Amino acid sequence: MYYGNDIHFNTFLSAMRKGKNVTLERLAWGLCSISMLGRIESGERLPDKMMRDRLMDRLGIVNDGFEDFLPPAEYALWKERQDLLQAIENKDLDTADKLIRQYEMNGVSNNAIEHQFYLAMKIQLMQYQNDPEEELREVLKQAISLTIPESSMDRWNGRLLAVQEWNLLLEYIRCGGDVGTAREKGRNTAGKLPAYEKILEAIQKSSMDTYSCAKIYPKAVYYLCLEWMSLPASDWDCRRMYDLAEKALEMLRSISRMYYLCEVLEIMERVLSVWIGRSDMTDEETRRLRPMMAQVQEWRRVLSEVFEGSKVSEKMESCGYLYQQMQNYRIGDVVRKRRKMLGLSAKALCQGICSEKTLRRLENNRNGTHMEIVGELLGRLGLAAEYQRKRIITDRYEAMVLYSKAAYVINNRDMETLGKILPELRSMLSMDILDNRQEMDCLETIYLWHCNQITNEESISRLQQVIEYTVPLKHVINMEEGFLSGGEISCLYNIAIRAKGAAESTYMSLLQKICNTLAEENGMMIYSKMYELIMYKIASYLGDVGEYTRSNKISNLIMETSLLLRRMNMLHMCVYNNLWNKRENIAKNTSADCKVSIKEDSMRDELQKCFQLAKLCKDIMYEDFYHKKLSQLFAQDN
């Protein structure tokens with residue numbers, strides 16, 4: 001049975017707000033009254049999903065990896081929004097127009113955030129259709145006013161806005177919207193350039209974490225630099241423009257994202273070209289800038305090749321990425337699937353909690369079940385009913401920050417830093433909460449394995465015990481239909497990558513079934529992070545057993561999804577997987593002479609692509625790996 005500490009949305013919100021030193025007034029501004037936010041934090045009022053998400057977005061806490069269990073009515077509304085978002089992303093303008101008109105015909109909702117979302121999608125549709133700027137400005141002005149009562153740029157500093165709100169302001173500026181004047185160097189200034197500068201300053205002074213900031217800062221830099229470039233090149237402040245673009249680039253590289261990445265690289269190349277060509281440049285300055293130019297050009301070339309092989313445009317064409325949400329589930333589906341997976345009868349599950357009739361209503365996704373009852377049912381099923389933004393459940397802001405740091409150092413294989421973080425993080429978390437114990441023991445097992453303090457077999461045994469904190473492993477392996485939390489799937493993945501022989505095949509098949517089910521039922525985009533990681537391992541496994549075509553198909557699908565969602569950390573791995581498959585396939589079916597020509601003609605170029613992609617996303621381990629492979633090829637040639 002699950003034992004929680006009642007860390008619900010209100011306590012989580014309050015802890016994150018106070019941890020970021022944000023007042024009730026700053027957070028509530030334009031969304032609700034201060035007294036209403038006070039009632040939300042005290043637990044007297046539970047806001048709807050859109051308000052919950054907007055409050056978290058304003059605090060700069062992203063929902064990436066967050067599992068949200070929604071009642072039927074909220075899930076239906078979320079699904080409608082996702083359908084519209086998908087139509088916009090696919091440039092299915094007829095469907096998008098139909099969904100927007102349907103929303104307007106049904107009567108505009110009193111929910112300001114929902115209304116703002118539909119207006120944002122309408123604006124995107126209008127941009128696709130090249131509607132007149134004056135019409136765009138009017139709709140943008142309407143959308144902004146829903147949650148931003150005062151949009152003058154002299155009021156932006158100190159404002160706490162979500163990335164979606166900053167984006168509306170950016171688009172309003174670009175369309176020539178009036179955002180007032182700003183005081184600069186003792187004088188009032190107006191126009192697009194000062195407005196872009198002001199919005200960049202305000203974004204940096206907000207409470208957003210790096211992941212949130214990276215969604216909007218590079219776009220703001222791009223818009224500012226484009227405006228600057230509308231002036232004669234002699235008026236460009238090349239150093240300022242380059243520094244801004246470089247900061248945006250480093251922000252994206254640090255989190256392996258590609259939001260306006262190609263645009264930022266294009267800006268850097270154009271600025272460097274002008275800068276290097278100026279007559280007042282010294283030889284030393286020129287020598288310093290030329291390697292920067294070469295690196296930027298190489299990254300642009302490699303990215304162009306990757307995008308060219310997909311159906312995705314290099315350039316960002318939609319604001320949909322700001323609204324994309326992962327891992328939202330309908331509560332009734334979760335309860336039904338989990339109960340069947342565990343082999344529990346309806347009577348056994350609801351005994352002492354509710355009637356079987358109530359459970360049937362819940363599992364059939366009919367409204368009306370009290371959340372207290374839902375929480376008890378989820379607890380009996382080994383699932384967290386608490387509000388969470390990561391795989392840990394806590395109301396301590398410091399623990400959330402430390403956990404995010406742990407995830408970052410794991411991705412960078414920095415085991416020394418991880419070893420220092422884990423004991424401190426464990427001391428901050430309640431180990432009475434099984435999700436916390438499961439996540440911490442999983443992380444510590446990974447750490448011990450990487451440091452060679454436990455064997456492969458010992459790590460598998462430990463992970464098998466860890467998953468059983470919340471679900472018996474036998475039910476997972478034998479399940480036909482079920483629901484697993486992100487933490488449980490992470491345990492399974494880490495077992496699979498260490499298993500050998502028949503056990504590896506068993507776990508790979510199980511993971512593939514889980515991924516395929518998620519993709520079929522809910523769309524792969526919604527579970528992309530989980531899908532990419534697991535399916536890459538499956539692609540690698542299929543290549544190892546000689547199923548090269550299936551392996552390549554999965555790799556290509558992962559790359560397509562990564563490009564759509566502007567995630568770059570898996571690109572180099574997929575390119576290398578396909579290269580490895582090609583080499584192995586040809587080696588088994590061709591003569592020795594052909595093998596040499598294949599190595600010379602394709603391997604170097606593809607390895608160079610892998611090297612640059614790994615370097616771009618700061619994957620140091622793989623960067624070294626590809627560099628060694630390239631060095632070996634050059635040594636053979638010489």
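Along the sequence shown, the residues carry numbers beginning at 1. Since the model is a prediction, treat every value here as computed from it, not as a measurement.
Electrostatic pairing of D414 and K420 does not count as a salt bridge here, judged by no charged N lying under 4.0 Å from a carboxylate O. With salt bridges taken as basic N to acidic carboxylate O contacts below 4.0 Å, one links E250 and K618. A salt bridge is absent between R253 and E623: the closest approach of a Lys/Arg side-chain nitrogen to an acidic carboxylate oxygen does not fall below 4.0 angstrom. Note on E606 versus K582: no salt bridge recorded, every NZ/NE/NH1/NH2 to OD/OE distance being 4.0 Å or above.
Within a 6.0 Å sphere centred on NE2 of H627, other residues, nucleotides and ligands contribute 12 heavy atoms or fewer. Other residues, nucleotides and ligands contribute at most 12 non-hydrogen atoms within 6.0 Å of the CD atom of Q351.
The distance from the SG atom of C442 to the CD1 atom of I446 is 4.0 Å, given to the nearest 0.5 Å. Atoms CG and NZ, from L85 and K79 in turn, are 11.0 Å apart once rounded to the nearest 0.5 Å. Remark: M535 CE to I554 CD1 distance equals 4.0 Å, nearest 0.5 Å.
Using modelled atom types, one finds no donor on one side chain facing an acceptor on the other under 3.5 Å when comparing Y622 with H572. In the model, K49 has a side-chain atom that pairs as donor or acceptor with a side-chain atom of N328 under 3.5 Å.
Residues R426 and D441 have side chains in contact (heavy-atom distance under 4.5 Å, counting atoms from C-beta outward). Residues L616 and L571 form no side-chain contact, since every pair of their non-hydrogen atoms from C-beta on lies 4.5 Å or further apart. Counting only heavy atoms from C-beta outward, the side chains of T445 and N494 never approach each other to under 4.5 Å. Between L377 and L383, the closest side-chain pair of non-hydrogen atoms is not below 4.5 Å.
Residue N581 forms a side chain to side chain donor-acceptor pair (under 3.5 Å) with just one option from S540, S555, S551, and that option is S551.
Contacts of R81 classified as salt bridge (Lys or Arg N to Asp or Glu O under 4.0 Å), with partners at least two apart in sequence or in another chain: E114.
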